[in-house]
Q: 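Below is one structure. I have some questions about it.
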There are 2 protein chains.
Amino acid sequence: MSTTIQKFSLTLPIFAYPKEIRLSNSFHDTIVALATPPGVGAIGVIRVSGKSTITLVNDIFYGQDLTTCTSHTISYGTIRTEKETILDEVLVSLFKAPASYTTEDVIEISTHGSSYIIQKVIELLISKGARLAKPGEFTQRAFINGRFDLAQAEAVADLIASENLSMQQTAMKQMRGGFSDEISELRERLVHFASMIELELDFSEEDVEFADRKDLEKLVNEILDTLTPLIDSFSWGNVIKKGVPVVITGKPNAGKSTLLNALLKEEKAIVSSIPGTTRDFIEDNLILEGIRFRFIDTAGLRETTDEIEAIGVKRTKEQMVKASLVLYLFDGNTETIGQLVEVRNELVEAQTPFLLVGTKIDIGILEEYEHYEIPIIWISAAKNELSELTKRLVAIGKQNEVSRDQTIVTNTRHFESLTRTSQALSKVLTAISENVTGDFLAQDIREALHHLGEITGQVTTDDLLDNIFSKFCIGK
Amino acid sequence: MSTTIQKFSLTLPIFAYPKEIRLSNSFHDTIVALATPPGVGAIGVIRVSGKSTITLVNDIFYGQDLTTCTSHTISYGTIRTEKETILDEVLVSLFKAPASYTTEDVIEISTHGSSYIIQKVIELLISKGARLAKPGEFTQRAFINGRFDLAQAEAVADLIASENLSMQQTAMKQMRGGFSDEISELRERLVHFASMIELELDFSEEDVEFADRKDLEKLVNEILDTLTPLIDSFSWGNVIKKGVPVVITGKPNAGKSTLLNALLKEEKAIVSSIPGTTRDFIEDNLILEGIRFRFIDTAGLRETTDEIEAIGVKRTKEQMVKASLVLYLFDGNTETIGQLVEVRNELVEAQTPFLLVGTKIDIGILEEYEHYEIPIIWISAAKNELSELTKRLVAIGKQNEVSRDQTIVTNTRHFESLTRTSQALSKVLTAISENVTGDFLAQDIREALHHLGEITGQVTTDDLLDNIFSKFCIGK
């Protein structure tokens with residue numbers, strides 16, 4: 001029986017990217033890149049990784065002999081050109097293999113934050129034999145060298161891009177292997193399942209069933225029960241990554257831009273009180289109390305439907321279905337309650353949560369609103385009376401937040417692999433119910449294992465890796 | 001006699017900013033700031049300095065106990081909130097007092113380069129009792145704690161802002177104390193001078209002259225001989241800092257913008273081949289082979305003088321005098337040799353080096369240019385035939401470069417203090433020639449010493465310091 005198991009581990013494509021291939025990458029060269037953002041700052045950090053790291057840096061560094069330094073120590077000295085010109089006074093941090101980010105010898109050179117100096121130090125290292133690192137190449141090396149799996153490597157980029165607690169926690173959990181553990185557990189159960197079937201194939205002439213079909217069916221259902229919430233979490237994952245989608249609509253001049261500007265202004269003030277957090281605000285993208293909102297502009301649609309209907313609900317319905325919330329902005333001084341009720345009915349029909357927001361309350365409202373029955377949030381961007389609206393937005397956004405323990409899939413690639421795994425397992429269920437032979441079952445299971453392996457990088461290709469790591473920033 | 005010397009050191013305002021006052025600053029608090037540029041990068045470095053640095057960071061850091069770590073070592077661990085939420089996996093670099101940038105306990109936390117994470121870690125440190133550092137506050141502490149003098153502290157900011165070899169070398173020399181040494185030497189000689197005069201004052205009733213007036217005159221002249229080149233170097237210093245001033249002029253549509261764009265495009269390509277060096281190009285500011293050029297736009301002038309004269313040389317003369325070079329651009333297909341000779345005569349009269357640049361050579365030139373005698377550089381921005389021009393620009397720029405050994409004053413404050421020192425010394429010379437009494441001489445010498453002391457920060461005020469360090473970036 002032990003031979004069969006051994007044979008199984010050879011036939012199933014668990015390691016489609018064998019170690020030999022991995023190490024055939026150009027890992028004999030030493031790479032260098034700026035690890036800190038470009039721009040003006042007190043310091044810049046240049047990262048070097050590879051076999052020649054220590055001798056290479058030692059060659060341009062005047063201070064302690066780095067070859068005699070122990071790992072995780074910092075040396076002070078100068079970087080000099082061949083002509084003995086002092087380029088900078090620096091701190092050199094040494095991380096000896098394998099106790100480094102890439103598991104190779106790594107040195108981080110902390111320079112003064114001048115673009116000129118950084119450029120010259122990198123040029124000097126290149127002239128000594130280093131090569132400029134490709135985007136994500138340090139993390140790619142960490143993955144190839146087995147420091148972490150592909151899902152964890154991808155989480156590093158997500159962590160860097162994180163801009164609120166949900167994003168950060170999701171990425172952190174994934175980077176620390178939480179998601180990988182879940183995938184591993186699923187995989188282990190599938191491997192057990194598969195080994196039984198493979199065993200049957202070896203004894204096929206004897207017509208034995210090592211794997212009880214009822215038990216297998218139960219097992220596949222259990223695995224699907226674990227997969228489904230992961231797959232479903234992707235829509236939440238998208239909300240976490242891209243923000244809670246909010247459609248703002250209303251007649252022209254209802255006060256949409258004024259509202260957004262007022263909201264943005266408030267938030268910017270909060271953000272800029274801590275330096276180093278300047279973000280490029282994409283228009284209509286807003287973070288309130290750590291929750292990201294993505295305001296979807298329906299202005300274009302509004303213009304064309306201006307004369308036909310109050311808001312053109314029908315034509316924006318498609319967007320509204322995708323939205324977590326619709327904000328209907330109206331000017332209570334010009335838009336009658338009759339018009340508003342009409343809009344409200346259309347919104348109810350669209351089956352998306354909505355808020356009716358009366359703007360410009362400082363200018364005044366029609367008398368009839370004094371006895372209105374439908375719930376309206378009145379705001380004044382001019383007088384900065386927005387607190388009720390922001391409170392409601394945050395409350396709705398919080399409903400979209402996920403519990404800390406739940407694993408959220410935020411990566412499209414993972415979502416697709418999980419979906420394909422699920423499809424393969426559904427085929428297994430069908431096969432069982434149709435009493436097909438073990439070899440067909442085995443094929444479907446191999447497919448499921450293949451797709452699960454794609455997530456953690458046990459099954460991968462150079463193209464896929466290049467595609468993943470090219471989205472990283474340089475220096476990571 | 002030893003008592004007299006002692007008395008002298010008390011009366012002269014050499015330490016107008018005594019140690020007691022320095023230490024009255026709010027140095028019991030611990031400061032924190034992002035030391036790397038804001039924006040997207042692989043890592044961010046948060047710097048903490050002050051008495052409570054180690055206990056404060058230890059409180060949020062889960063890894064090795066930092067209180068037991070030795071200086072210049074790096075620990076790996078996580079930063080956690082009070083609720084045990086992992087904010088990030090980090091590297092913590094420890095620099096124990098006095099072996100740190102500020103001479104206080106300093107910790108640098110290397111986080112993932114997410115603005116959100118960086119903001120949260122800084123907020124966490126602030127909640128534990130740290131205070132957000134003011135711009136340049138780390139360097140200010142280094143100065144106040146006696147790690148370096150004021151001229152050296154100012155050089156740190158210059159070094160960060162440096163964008164070519166001249167700027168970098170000038171700042172580096174100043175940061176490493178080269179300039180301060182020269183000032184110290186001058187000061188020492190003056191102090192000797194002063195002590196003799198002060199001695200005379202003590203024995204004034206006896207009408208002795210300890211300081212031979214001839215010797216003193218010689219000494220002051222010697223000091224002035226050292227001061228004058230330093231003062232004169234300021235105009236070169238400005239060129240280094242701000243670029244070689246080049247006035248571009250010519251008739252409308254002579255091809256100025258096309259030329260600048262072509263030059264900028266070429267340079268941008270060079271710069272962007274090394275990541276992390278993206279610079280905000282100010283229009284008409286250009287670096288060729290490491291030499292910065294500042295192109296001065298005379299377009300406004302040109303428009304108003306369009307009808308009156310070929311180029312309105314007279315009205316741009318003021319700018320031309322300041323310029324290191326005038327480029328006169330003309331279209332050889334429309335502008336005759338006669339017109340060009342007229343312009344050339346005016347340029348010769350302006351006494352500024354100039355180049356006549358014939359543009360759009362690809363379109364063609366008037367026949368008469370085939371036998372022209374005056375030197376013209378023909379270019380084609382469209383066909384990217386610019387090499388002769390750039391070669392000439394670089395050659396002229398290099399004439400403006402200074403030898404590596406020469407000290408260059410680049411700081412307006414230093415220039416002013418040197419000028420005032422020089423003025424005070426000139427008064428001393430006058431006083432000697434007019435045979436005035438020692439106490440008047442002593443007063444002028446004190447003034448000279450005062451102004452020299454301003455440069456190195458031996459004489460300073462809180463306002464001056466605030467003004468200097470507020471121009472630093474946060475985190476330095």
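Lettering follows sequence order; numbering is per chain, from 1.
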Q: Tell me, out of B:Val45, B:Leu87, B:Val156, who's got the most heavy-atom pairs with chain A below 4.5 Å.
A: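 Looking at each of B:Val45, B:Leu87, B:Val156 in turn, B:Leu87 comes out on top.
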Q: CD1 of A:Ile43 to CZ of B:Arg47: how many Å apart, nearest 0.5 Å?
A: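 Going from CD1 on A:Ile43 over to CZ on B:Arg47, the span is 5.5 Å.
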Q: Show the nearest heavy-atom pair for residues A:Gly39 and B:Pro37, with the distance to one decimal.
A: O-CG, 3.4 Å
Q: With a 4.5 angstrom heavy-atom cut-off, which part of B:Leu91 approaches chain A: side chain, backbone, both or neither?
A: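 Only the side chain of B:Leu91 comes within 4.5 Å of chain A.
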Q: Measure B:Phe95 against the heavy atoms of chain A and call it side chain, backbone, both or neither at under 4.5 Å.
A: side chain
Q: Find the one option among B:Ala161, B:Gly136, B:Gly113 whose heavy-atom pairs under 4.5 Å with chain A are most numerous.
A: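 Top count of heavy-atom pairs under 4.5 Å with chain A: B:Gly113.
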Q: Closest approach of B:Cys473 and A:Ala42, non-hydrogen atoms and distance?
A: SG-N, 3.7 Å
Q: What distance do B:His112 atom NE2 and A:Met172 atom CE have between them, rounded to the nearest 0.5 Å?
A: 7.0 Å
Q: Assess the residue pair B:Leu159 and A:Ser114 against the criterion (side-chain contact (heavy atoms from CB on, under 4.5 Å)); give the C-alpha distance rounded to whole Å, side-chain angles, the decisive distance to 0.1 Å, and a yes or no.
A: CA-CA 7 Å; B:Leu159 192 66; A:Ser114 142; 5.7 Å; no
Q: Keeping the roles fixed (side chain from A:Tyr116, backbone from B:Leu165), state whether a donor-acceptor pair exists under 3.5 Å.
A: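 Yes; judged by distance alone, with no hydrogens or angles, the pair exists.
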Q: Where along residues 70-80 of chain B does a heavy atom come under 4.5 Å of chain A, listed by residue number?
A: B:His72, B:Thr73, B:Ile74, B:Thr78, B:Arg80
Q: Quick check: do A:Lys173 and B:Ile86 have side-chain heavy atoms less than 4.5 Å from each other?
A: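 Answer no - side chains too far apart.
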Q: Taking every non-hydrogen pair under 4.5 Å, which of A:Met167, A:Glu89, A:Glu108, A:Lys120 racks up the most with chain B?
A: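 Option with the top pair count is A:Glu89.
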Q: In terms of heavy-atom proximity below 4.5 Å to chain A, should B:Met175 be classed as side chain, backbone, both, or neither?
A: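 For B:Met175, the contact with chain A is made by the side chain alone.
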